[in-house]
Amino acid sequence: HTCNLSHEAVSAMVKKAGEPCTLYCKGRILGYKRSKVNQYENTSLIKIENVNQKEDTEFYLGKRVAYIYKAKREINNSKFRVIWGKVCRHHGNNGLVRCQFRK
């Protein structure tokens, strides 16, 4: 399969050196995995921005998740704290993922 692109089109697609790029995606915590009666606090439901299909979540499986929050007292010259987790599987058909955090 060949691709016919002009030199100008190729140079427009190649990123310039020093151009910033984001290596993370933001997400929203929707709550815990739960049923009608029970709630499982060890698994959180996360909605990743611009992920709207079950097929799109496959890229994120196994990736690390950081819950970053701000605290009053400084530790290591920073008021920000982080709780690390991992994406363990998808949840439903609309691009939600289940994550398990360390604490």
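For the numbers below, each heavy atom of this structure counts, side chains included, while hydrogens, waters and symmetry mates do not.
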Heavy-atom count check: over 12 atoms from other residues, nucleotides or ligands less than 6.0 Å from K63 NZ?
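It does: K63 NZ has more than 12 such atoms within range.
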Same cluster or not: are [X] and [Y] linked, directly or through other Ile, Leu, Val, Met, Phe, Trp or Tyr residues, by side-chain heavy atoms under 4.5 angstrom apart?
| X | Y | result |
| --- | --- | --- |
| I48 | L61 | yes |
| L96 | V65 | no |
| V51 | I29 | yes |

Checking the side chain of T57 only, and the main-chain atoms of K54 only, is there a donor and an acceptor separated by less than 3.5 Å?
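Here the side-chain-to-backbone pair exists.
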Sequence neighbours excluded, which residues qualify as ring-ring contact (aromatic ring centres under 6.0 Å, His included) partners of Y24?
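Partners of Y24 under the ring-ring contact (aromatic ring centres under 6.0 Å, His included) test: none.
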Atom pair [atom1]/[atom2] of [X] and [Y] - distance to nearest 0.5 Å:
| X | Y | atom1 | atom2 | result |
| --- | --- | --- | --- | --- |
| R28 | L45 | CZ | CG | 12.0 Å |
| I46 | L30 | CD1 | CG | 7.0 Å |
| K70 | S78 | NZ | OG | 9.0 Å |
| R89 | E58 | CZ | CD | 12.5 Å |
| R34 | T43 | CZ | OG1 | 13.5 Å |
| W84 | R64 | CH2 | CZ | 5.5 Å |

Over all heavy atoms of both residues, which pair between [X] and [Y] is shortest? Give the atoms and the distance, please.
| X | Y | value |
| --- | --- | --- |
| C88 | C99 | SG-N, 4.1 Å |
| R98 | H90 | NE-O, 3.8 Å |
| G62 | K86 | O-CG, 4.0 Å |
| Y32 | Q39 | CD1-NE2, 3.3 Å |

Do [X] and [Y] have side chains that get closer than 4.5 Å, going by heavy atoms?
| X | Y | value |
| --- | --- | --- |
| Y67 | V82 | no |
| R81 | R73 | yes |
| C25 | Y60 | yes |
| Y69 | I83 | yes |

Please step through side-chain contact (heavy atoms from CB on, under 4.5 Å) for the pair E49 and K26, ending with a clear verdict.
CA-CA 6 Å; E49 278 185 3; K26 288 187 176 182; 3.9 Å; yes
Can a donor-acceptor pair be found between the side chains of K33 and N38 at a distance below 3.5 Å?
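Short answer, no.
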